Amino acid sequence: MMKTDRRQFLANSIAAAGAVAVGSFLNKTFGRDLPGSLINNDFQPPVNMVTEEEFWYWIQQSFTASPNVMNLNNGGVCPQPKVVQDAFEHYNRVSNEGPAYYMWQVVGEGREAVRKDLARLAGCSPEEIAIQRNTTEALETVIFGMNLKKGDEVVLTRQDYPNMINAWKQREKRDGIVLKWINLPQPVEDDDLIVKAYEDAFTSRTKVIEIMHMINWSGQILPARKIARAAHKQGIDVLVDGAHTFAHLDFTIPDLECEYFGTSLHKWLYAPFGTGMLYIKKDKIGEIWPLTAPGEPESDDIRKFEAMGTRSFPAELAIGKAIDFHHMIGSARKENRLNFLRNYWMEKIRDIPKIKFYTSFKPEYACGLGNFAIEGMTPGELQKILFSKYKIFTVPIDWENIYGVRITPNVYTTPADLDYFVEAVKEIAAG
Ligand SMILES: Cc1ncc(COP(=O)(O)O)c(C=O)c1O
């Protein structure tokens, strides 16, 4: 299709969806159909859509990001598009008409539909999905809920997330389990080396390993399935920290061949703050004790992990809207765009002599998150000047072998935004 035709197509699509109001562009019916429409119309395959700026402009306008501060720390937590904010506020208002009835009985009734939608996106059965408040809750449910006894071993990396490290350490102190640490170079672009690092730590007492699907400090993607296969050969279970990969990379949870997977939906799915998800493979559910006890803690009903009392039902229900929004963009299209944006800024600063990267340029090993340093500056100094002088918000990282500033654009970040960031880095590096 010619560029002008494409423009016309997009204009027609927007008009069809209810004209100028962005909320209408993103309404549910249209949202479900857009990826199909784009493909059926031979509009652009996902890989080409990465630079279709008219499309991304509309995506940008569906967020309410401040134009006054450039947020390049989407690796912490992501904002919600306006439709998700609206859905959350709507459910909250309805709940307040009489919470015991409207929140518990009316709004709360929608949870099973959310579970089904999440399962469809995750590529598994709804009977394997529990709705949680965040990755921490999801993964710690497994960490504390596993039957492990004194002397049993767990393999994890020095690059794991602190909350999970603390949970394992608590079990070490309390139950006498043994933690075996591996330290991964950053970046690392050798699957065999990564798998071997895990294998070298396995013993006959190893019961479970934790894999960071994407290391939050550097954006490093680990070959989760290859590591899982190596673990399974020795009868070891696999827990995956998917905080950063769900709705960021285009995959299904069964692709990873893990037993347990936890994620935060307020990260890359753009669902309300305080929403997360736990996946447990069907035949393992009965073996995990819930953190908050239901009537039958040994049941194999995944809902036993949701016996947590009153929490934000409006937030949980608005997850459905975030899933619609995600389908509108499409998983492959989103992954490609996030990868494009990271490469865009990294390529433009890679020839500056004093720049060092902790992140790979290869799409197998990195996507939206990137980490870099300028020789002679601490991460804190670099972060500070980016914010005070340029109003670019980033995060300094000083963790194990990673010592730089993490940059995380999002689907609403434009190449023009990144050009501004690149110019700032050039000025700073020039002193
Ligand atoms: C890799 C990883 N795991 C777990 C978490 C914890 O997420 P939450 O605070 O949503 O529980 C984070 C948060 O940034 C993370 O990056």
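These numbers were taken from a predicted model, which means no experiment stands behind them. The analysis underlying the following values was restricted to heavy atoms, covering all of them including side chains, and did not include hydrogens, waters or symmetry mates. One-based numbering along the sequence shown. Both ligands and their constituent atoms are indexed starting at 1 by order of listing.
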Next on the checklist: Using a strict threshold of under 4.0 Å (side-chain N to carboxylate O), is an ion pair present between E257 and K281?
Outcome noted: no
Next on the checklist: Could you check, using the six-membered ring where one of them is a Trp, whether Y412 and F63 have ring centers closer than 6.0 angstrom?
Outcome noted: yes
Checklist entry - In order of chain and number, which residues sit within 4.0 Å of ligand 1 by heavy atom? => result N134, T135, T136, Y161, M164, M212, N216, D241, A243, H244, S264, H266, K267
Next on the checklist: Can you confirm if the aromatic rings of Y358 and Y403 lie within a centre distance of less than 6.0 Å?
Outcome noted: no
Item to check | Chi angles and distances behind the side-chain contact (heavy atoms from CB on, under 4.5 Å) call for L418, L341 | outcome: CA-CA 8 Å; L418 294 177; L341 291 172; 3.8 Å; yes
Item to check | Aromatic ring pairing F421/F372, orientation class (parallel under 30°, perpendicular over 60°, tilted between) | outcome: perpendicular
Checklist outcome for this item: Correct closest heavy-atom pair for V240 and H213 would be CG1-CB, 3.8 Å
